[in-house]
Amino acid sequence: MEKKVYERHIINQKKHWWFSVRRKLISQFIKKYSKKRTLKILDYGCGSGTNINSLSKFGQVHCYEKDKKTSNYLSSEYRDNKKVFILKKIKKTIKYDYIILADVLEHIKNDDLALKNLKNLLNYQGKILITVPAYNFLFSKKDEVLKHFRRYNYSQIYKVVSKYFDIQRISFFNTLLFIPISIITLIFKILKINYIENVENTPNKLVNNLLHFIFSIELFFLKYIDFPFGVSIIIVGEKKTF
């Protein structure tokens with residue numbers, strides 16, 4: 001991502017409706033698909049650290065971010081937290097119970113190779129949780145600024161993940177807001193408008209609370225059902241043993 005994006009995420013991640021509800025969603029799925037009480041987690045491509053505090057509630061969190069400036073910021077931010085370890089590089093000798101890729105896979109050119117390598121970092125029955133943006137027809141200036149190689153449809157993400165992991169759950173999310181977000185995205189796409197700052201900066205309190213409320217409704221339903229469409233996809237897989 002561009003440096004401005006990292007800086008914007010650092011400023012907005014705590015209160016922005018999108019980051020806030022996605023944290024809750026990730027925690028909800030970890031709880032549901034984990035047999036262990038205490039986990040060793042790798043937050044791969046952790047960015048500005050939006051998920052670190054929520055992940056640390058499950059155990060030890062190792063955080064890897066490729067951008068050096070952001071990684072240095074995280075090292076300073078979490079230097080006194082004994083449950084959080086900011087990695088300068090991935091050590092193949094360390095094995096994890098859970099690997100989190102929260103909107104990371106779309107940034108990796110060879111996603112197949114990345115998943116193959118990450119599989120080898122998991123313990124027996126270790127799990128991977130991935131969120132990705134959905135539908136290539138929504139690929140816009142925002143994706144270009146974020147340096148996305150792609151957005152995923154259902155079959156694409158299922159195919160690449162199932163090669164190395166047994167799929168335990170896959171669902172779209174951010175479904176209730178799909179229509180307005182899609183319409184706005186397509187309008188800006190046609191007009192070739194760069195709108196990333198408008199959507200990644202925390203809106204005024206009233207709008208932010210409203211969007212947070214609408215998005216949060218999905219958390220209840222995702223306990224029981226999978227959504228057939230949405231702005232994003234979440235997938236949980238267990239390491240294949242062969």
Side-chain angles (χ1 to χ4, degrees), residues 1-34 36-108 114-115 117-123 126-132 145-148 196-197 200-202 208 212 215-216 219 232 234 236:
M1 296 187 291
E2 294 182 358
K3 289 184 179 180
K4 286 184 179 180
V5 176
Y6 285 105
E7 293 169 357
R8 192 160 51 242
H9 286 186
I10 290 170
I11 295 169
N12 292 281
Q13 63 179 328
K14 290 182 180 180
K15 295 182 179 180
H16 194 288
W17 64 275
W18 161 255
F19 291 114
S20 179
V21 180
R22 191 186 63 171
R23 276 193 292 271
K24 294 177 184 178
L25 175 61
I26 290 171
S27 293
Q28 180 173 301
F29 270 58
I30 291 175
K31 288 178 183 177
K32 186 168 184 177
Y33 297 99
S34 176
K36 294 183 177 181
R37 290 186 177 181
T38 304
L39 302 169
K40 181 180 283 188
I41 298 172
L42 172 62
D43 188 1
Y44 186 84
C46 62
S48 58
T50 181
N51 298 309
I52 292 176
N53 288 328
S54 58
L55 293 177
S56 66
K57 295 177 182 179
F58 295 98
Q60 195 179 96
V61 185
H62 291 207
C63 310
Y64 174 73
E65 173 52 47
K66 186 177 180 181
D67 182 75
K68 291 182 179 180
K69 186 176 181 180
T70 308
S71 182
N72 290 336
Y73 157 78
L74 294 173
S75 295
S76 175
E77 185 76 6
Y78 291 95
R79 62 181 178 275
D80 298 324
N81 192 323
K82 296 181 180 179
K83 296 175 71 175
V84 177
F85 300 84
I86 308 302
L87 308 179
K88 298 302 179 184
K89 63 179 181 179
I90 300 294
K91 296 180 180 179
K92 296 181 180 180
T93 54
I94 300 177
K95 303 299 180 182
Y96 299 95
D97 302 306
Y98 242 106
I99 296 177
I100 310 298
L101 280 80
D103 289 81
V104 172
L105 200 62
E106 64 273 14
H107 294 272
I108 302 173
L115 290 172
N117 291 335
L118 289 171
K119 173 193 171 184
N120 295 329
L121 298 176
L122 284 169
N123 288 320
K127 294 177 173 59
I128 194 165
L129 185 153
I130 301 168
T131 64
V132 292
V145 172
L146 292 172
K147 298 188 183 300
H148 291 173
I196 187 169
E197 289 192 25
E200 291 201 330
N201 285 322
T202 305
N208 195 58
H212 185 281
F215 193 10
S216 294
L219 298 179
S232 299
I234 186 167
V236 178

| query | Side chains of Lys88 and Asn72: donor-acceptor distance under 3.5 Å anywhere? | reply |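 Their side chains do contain a donor-acceptor pair, which is all the 3.5 Å distance test asks for.
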Is a side-chain N or O of [X] found less than 3.5 angstrom from the main chain of [Y], in a donor-acceptor match?
| X | Y | answer |
| --- | --- | --- |
| Asn208 | His16 | no |
| Gln13 | Thr50 | yes |
| Ser76 | Tyr73 | no |
| Arg22 | Asn51 | no |

Sub-4.5 Å side-chain heavy-atom contact between [X] and [Y]:
| X | Y | value |
| --- | --- | --- |
| Tyr44 | Ile108 | yes |
| Val236 | Tyr98 | yes |
| Phe19 | Ser48 | no |
| Leu121 | Ile94 | no |
| Tyr96 | His62 | yes |
| Ser75 | Ile86 | yes |
| Leu115 | Ile130 | yes |
| Phe58 | Ser27 | yes |

Heavy-atom pair with the smallest gap, counting every atom of [X] and [Y]:
| X | Y | result |
| --- | --- | --- |
| Ile100 | Ile41 | CG1-CG2, 3.7 Å |
| Cys63 | Val84 | SG-CG1, 4.0 Å |
| His107 | Lys147 | ND1-O, 3.6 Å |
| Ile26 | Leu55 | CG2-CD2, 4.3 Å |
| Glu65 | Ser71 | O-CB, 3.8 Å |
| Thr70 | Gly47 | CG2-O, 3.2 Å |

Once you round to the nearest 0.5 Å, how far does [atom1] of [X] lie from [atom2] of [Y]?
| X | Y | atom1 | atom2 | result |
| --- | --- | --- | --- | --- |
| Asp43 | Ile52 | CG | CD1 | 6.0 Å |
| Lys14 | Thr202 | NZ | OG1 | 12.0 Å |
| Ile90 | Lys66 | CD1 | NZ | 12.0 Å |
| Ile128 | Tyr33 | CD1 | OH | 15.5 Å |
| Ile30 | Lys127 | CD1 | NZ | 11.5 Å |
| His212 | Ser20 | NE2 | OG | 3.0 Å |

Is it true that atom [atom1] of [X] has more than 12 heavy atoms of other residues, nucleotides or ligands lying nearer than 6.0 Å?
| X | atom1 | result |
| --- | --- | --- |
| Lys95 | NZ | yes |
| Lys91 | NZ | no |
| Lys15 | NZ | no |

| request: Could you give me the CA-CA distance, side-chain angles and deciding distance for Lys31 and Lys57, then say whether side chain to side chain contact (heavy atoms under 4.5 Å, CB included) is met? | output: CA-CA 11 Å; Lys31 288 178 183 177; Lys57 295 177 182 179; over 6 Å; no
| Qualifying residue for side-chain contact (heavy atoms from CB on, under 4.5 Å) with Glu200, from Leu146, Val145, Asn12, Ile11 |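 Going through the options one by one, the only one that passes is Leu146.
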| task | Take Lys69 and Tyr6 through the side chain to side chain contact (heavy atoms under 4.5 Å, CB included) test and state the conclusion after the steps. | result | CA-CA 9 Å; Lys69 186 176 181 180; Tyr6 285 105; over 6 Å; no
